[in-house]
Amino acid sequence: MEKRSYGDIMSEVFQSPLVEKFQTRVRRRSLVISMGLWMAGITALCLLLPEAWWLWGPLFLLFFPLASMINMSVRGVTEIPISHLDDRLAQLRARAFHDAYYIGVVLALIGGIVLQEYLFATVGESRPLLSIVPIGGMLGGFLFGLPAVMLAWRLPDEPEHEEAAHG
Amino acid sequence: MGKSEKARVYTRLPMLRAERSLSRKELAEILSVHYQTIGYIERGEFVPSLEIALKAAEYFGLPVEAIFSLKPFEPLNAASLAGG
């Protein structure tokens, strides 16, 4: 049996008909909005109900299906090794990582400043350190997936006839 | 051409595909690209690499400039065929 590389398997997975269902602009953007709502939910929970730590686990589990669906919606362009992408998809991937780098640096700086304010600038007020751990984890996961998120937001709809691959 | 102006490459790929009854998917497999990339090239939204252009030229048995051009192709007519 021929040994298949990781890139071959990933390319095949992201070309499957099941994956194509996610590849409309409306669905892509809905997924990005869902990711935003998920982040807002985690943040609100951690800040408003820090004692409800038992809710973090189930909420965190939502990240994985959301991130997977976003990856599917962009055909896994940010996941498939570059050697398995054609020129156009490789350019899309490079641009997504390039832009995500700058936005990620800005977001990380803002996150750092907010964290510092939250932890040290509230004299006399008790802030449970544990409650910011999930926010940090969420931001880390979001930054890691930012190239795919940005691509999902930007990619246009493919012309209908192309989905049938004929014409 | 100014720096901000994107190069547009015109192509005869749709005509050549139609002549040979090739779908985008089939041509994409021949050229080792994603089938949507063929659509982007045909619409002039993506400038193909030299590798893709040479592969297409080899497959269709035509010079690259007969398939891709920086200027719109003249429509084929009796006069152009007679002129060679």
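By convention in this document, chain letters (A, B, ...) are assigned in the order of the sequence lines, proteins followed by strands, and residues within each chain are numbered from 1.
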Legend entry - Verify same cluster id: A/M138, A/V105 (apolar side-chain graph, 4.5 Å): no
Legend entry - Nearest-0.5 Å distance, CZ of residue A/R88 to OH of residue B/Y40: 5.0 Å
Legend entry - Path from A/F97 to A/I80 over hydrophobic side-chain contacts below 4.5 Å: no
Legend entry - Over 12 foreign heavy atoms within 6.0 Å of CZ, A/R95: no
Inset, instruction - Kindly compute the distance separating CG (A/L89) from OG1 (B/T37), expressed to the nearest 0.5 Å. - result: 5.0 Å
Inset, instruction - Indicate if A/L109 and A/L143 have the same hydrophobic cluster label, given that clusters are the connected sets of ILVMFWY residues with side-chain heavy-atom separations under 4.5 angstrom. - result: no
Legend entry - Interface moiety of B/L31 toward chain A, non-hydrogen atoms closer than 4.5 Å: neither
